[in-house]
Amino acid sequence: MEPTSVRLRQARVVRGWSQPRLVRELRQAATRRGHQLPSDASVKRRIASWENGHSAPDGFYGPLLCEAYDLTAAELGLNHEGERDTGLLDAGYPESPEDAIDVVGQLWRADLNQYEPLLQAEPSEPAWNEASLRWLVAPEPAVPRQRQSGMRVGLGDVGAIKTTADMFAELDDRFGGDHAQHAAIQYLSTEVTPLLRGQYTEQVGRALFSTVAEATLLAGWMSYDACRHGLAQRYFLQALRLAQDANDRRLAGSILSAMSHQATFLGRYTQAATLARAALMGISPVATPTLRAQFHAMEARALARTGDIRACEAALSAATKALENRNNDDEPEWISYFDEAELAAEAAHCFRDVNSARQAVAHAENAMSGSHVRSDFFATMVLADAHLRAGDAEEACRVALDALDLGEQLKSARCVSYLAEFRQNLAAASSSADVQTFTEQVREHRLWIASGDHVVV
């Protein structure tokens with residue numbers, strides 16, 4: 001069987017194409033997919049490297065080559081280059097900052113290109129345990145290496161990344177993870193990758209790594225909200241490593257907290273509790289009251305699902321006491337969203353899950369922020385479910401209708417899953433006239449239609 005390098009060269013030669021012609025064909029294929037390629041010289045160097053056997057096309061360029069040549073991956077030998085997917089599909093914790101830069105860049109490109117093995121990948125349970133342990137016992141943060149090539153990067157570039165990521169975070173909050181995820185990843189891939197590979201001082205490198213870690217955490221949240229869980233976990237892992245090398249312990253703890261949130265959603269409650277505890281332990285010397293409150297709340301969410309009511313209530317009590325002591329001037333800007341309303345929402349989830357319907361209702365009614373659309377949708381659905389569990393189907397339907405109106409613009413698979421669970425519970429609990437009227441009222445709602453096709457696990 002001919003090596004991939006030979007097949008790639010032959011595919012070009014038999015068409016009579018020069019390397020510049022192939023560059024043009026690849027650029028056209030990328031444009032059709034809504035992507036951009038780097039300079040012609042950069043792409044020509046890649047082509048030469050592939051055809052000389054020094055490297056293999058990755059998950060971004062491989063499909064472009066298939067489209068340009070009108071050949072399958074198998075015909076080009078790309079499916080025999082198994083090593084090219086290792087960093088994407090193995091969900092390992094990066095060994096070095098350079099590894100994190102390489103892998104996160106591959107993730108961004110593959111995500112942009114809708115690389116199916118990655119989008120359909122399952123999360124790895126061992127990866128959660130490995131990441132928390134590796135981070136807890138990590139040595140001193142590695143200094144980002146001083147590069148001798150690439151563009152010069154300054155704090156102004158870092159500020160631009162922060163401002164842009166904040167814009168995408170606002171869109172995510174208002175419209176759901178599937179709304180602007182593609183645009184966010186395209187920005188990271190095309191604009192941020194060259195900065196990570198550029199020249200910067202240690203001071204700028206730390207700031208750059210921290211800011212990119214925060215943006216990659218957002219990419220993880222967006223993917224999680226779209227229920228692309230394997231992809232989300234891989235983003236969280238790279239974000240954690242970048243935060244480690246930025247020496248940003250607070251952000252790293254928040255990333256572990258996000259992992260805990262996802263693990264609870266997926267039913268991995270032991271891992272979720274461990275991740276929340278690792279976050280609290282790992283940043284204890286620099287933890288702020290709001291961060292401690294969030295980590296205790298994540299632990300409570302996991303414990304509620306295991307049915308350990310006493311431990312769950314203890315964790316919620318610790319979260320409440322911590323939040324009472326916060327000083328907003330000392331808190332990281334990115335944790336400012338976690339306030340009394342957010343904690344009430346977490347408590348409502350907990351009491352719903354331990355079947356304390358009245359307490360769930362009380363907390364859910366205090367969980368409406370009025371400024372975070374998706375969070376308010378979740379809180380409203382928890383309130384509806386709590387009323388249903390309390391035996392008040394009429395009120396449950398009224399509240400669920402409010403949630404549907406609130407979430408009309410949301411593109412979020414997680415929102416659909418909440419609605420699907422409520423829909424299943426409603427069908428099992430009641431077939432009253434109120435329920436039938438509600439069903440007629442909502443049957444044209446986009447999220448309600450989507451929830452009918454969702455499988456509750």
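Computed from a predicted structure; not experimentally measured.
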Exercise for the section: Could you tell me whether Asp178 and Arg228 make a salt bridge, using a distance below 4.0 angstrom between a side-chain N and a carboxylate O? Expected result: yes
Exercise for review: Under the side-chain contact (heavy atoms from CB on, under 4.5 Å) rule, what do Glu95 and Arg134 come out as? Steps first, then yes or no, please.
Suggested key: CA-CA 10 Å; Glu95 294 291 337; Arg134 291 276 298 277; 3.5 Å; yes
* Asp385 versus Met381: any side-chain heavy-atom pair under 4.5 Å? -> no
| said: Under a 3.5 Å threshold, yes or no: a donor from one side chain and an acceptor from the other, between Arg423 and Ser451? | reply: yes
Check: Arg15 side chain, Ala11 main-chain N or O, donor-acceptor pair, under 3.5 Å: yes
(Q) Are the side chains of Ile185 and Tyr235 in contact, using a 4.5 Å heavy-atom criterion? (A) yes
| query | Can you check whether Thr270's main-chain N or O pairs, donor with acceptor, with Thr274's side chain at less than 3.5 Å? | reply | yes
Nearest heavy-atom contact between Glu299 and Ala315 is OE1-CB, 4.2 Å
**Q.** Distance flag, aromatic centroids of Phe377 and Tyr418, threshold under 6.0 Å
**A.** no
dist Arg305:CZ -> Arg268:CZ (nearest 0.5 Å) comes out at 13.0 Å
- Message: For a quick check under 3.5 Å, do Asp111 and Gln181 share a side-chain donor-acceptor pair by atom type?
- Response: yes
Is the distance between the ring centroids of Trp221 and Phe168 less than 6.0 Å? no
(message) Are His296 and Leu280 packed together at the side-chain level, in the sense that at least one heavy-atom pair is separated by less than 4.5 angstrom?
(response) yes
Value for NZ (Lys162) from CE (Met167), rounded to nearest 0.5 Å, stands at 13.0 Å
Q.
Taking the side chain as everything from C-beta on, heavy atoms only, tell me whether Tyr61 gets closer than 4.5 Å to Val43.
A. yes
- Task: Begin from the C-alpha positions of Arg27 and Asp40 and carry the test salt bridge (charged side-chain N to carboxylate O under 4.0 Å, His left out) through to its verdict.
- Result: CA-CA 9 Å; Arg27 196 172 297 284; Asp40 286 1; 2.6 Å; yes
* Asked: Between Tyr200 and Phe209, what is the ring plane arrangement, given parallel below 30°, perpendicular above 60°, and tilted in between?
  -> perpendicular
Donor-acceptor contact below 3.5 Å, side chain Ser132 vs main chain Asn129:
yes
With sequence neighbours left out, the residues meeting side chain to side chain donor-acceptor pair (under 3.5 Å) with Asn247 are none
All heavy atoms of Arg241 vs all of Pro97, minimum pair found to be NH2-CD, 3.4 Å
Is there a side-chain contact between Ile47 and Leu26 in this structure, where contact means two heavy atoms from C-beta onward sitting under 4.5 Å apart? yes
field: Close side-chain approach of Leu8 to Pro57, heavy-atom, < 4.5 Å
entry: yes
One should read off an interatomic distance between Asp157 CG and Thr211 OG1, to the nearest 0.5 angstrom, of 11.0 Å
In this structure, OG of Ser254 is separated from CH2 of Trp334 (nearest 0.5 Å) by 4.5 Å
Value for CG (Asn327) from OG1 (Thr288), rounded to nearest 0.5 Å, stands at 10.0 Å
Could you tell me whether Arg12 and Glu25 make a salt bridge, using a distance below 4.0 angstrom between a side-chain N and a carboxylate O?
no
Can any side-chain N or O of Arg292 pair as donor or acceptor with the backbone N or O of Ala319 at less than 3.5 Å? no
- Run the salt-bridge test on Glu331 and Arg250 with the 4.0 Å N-O cut-off and return the result as yes or no. no
Looking at Arg446 and Leu410, would you say the former's side chain and the latter's main chain have a donor-acceptor pair under 3.5 Å? yes
Tightest non-hydrogen contact, residues Ala272 and Thr264, listed as CB-OG1, 3.1 Å
With sequence neighbours left out, the residues meeting side-chain contact (heavy atoms from CB on, under 4.5 Å) with Ala127 are Ala91, Ser124, Gln233, Leu237
Checklist entry - Under a 4.5 Å cut-off applied to non-hydrogen side-chain atoms, are Cys312 and Asp353 in contact? => result no
Inset, instruction - Check whether any side-chain heavy atom of Asp225 sits under 4.5 Å from a side-chain heavy atom of Arg374, and report yes or no. - result: yes
Heavy atoms of Leu251 and Ser210 approach each other most closely as CD2-O, 3.4 Å
In terms of heavy-atom contacts, Asp173 and Ser371 come closest through OD2-O, 3.6 Å
Test item: Thr4 side-chain N/O and Gly77 main-chain N/O as donor-acceptor pair under 3.5 Å:
yes
**OP:** Would you please classify the geometry between the Trp17 ring and the Tyr69 ring as parallel, tilted or perpendicular, with 30° and 60° separating the classes?
**Re:** parallel
Here the gap from Glu346 atom CD to Leu316 atom CG, rounded to the nearest 0.5 Å, amounts to 9.0 Å
Check your understanding: Does the distance from a Lys or Arg side-chain N to an Asp or Glu carboxylate O, for Arg7 and Glu75, drop under 4.0 Å?
Key -> no
Shortest non-hydrogen pair, Ile161 vs Tyr187, comes out as CA-OH, 3.4 Å
Margin query: Donor-acceptor check, side chain of Ser257 to backbone of Gly253, threshold 3.5 angstrom: yes or no?
Written below: no
Quiz item: Within the distance-only criterion (no hydrogens, no angle test), does the side chain of Arg234 pair as donor or acceptor with the backbone N or O of Gly230 below 3.5 angstrom?
Solution: yes
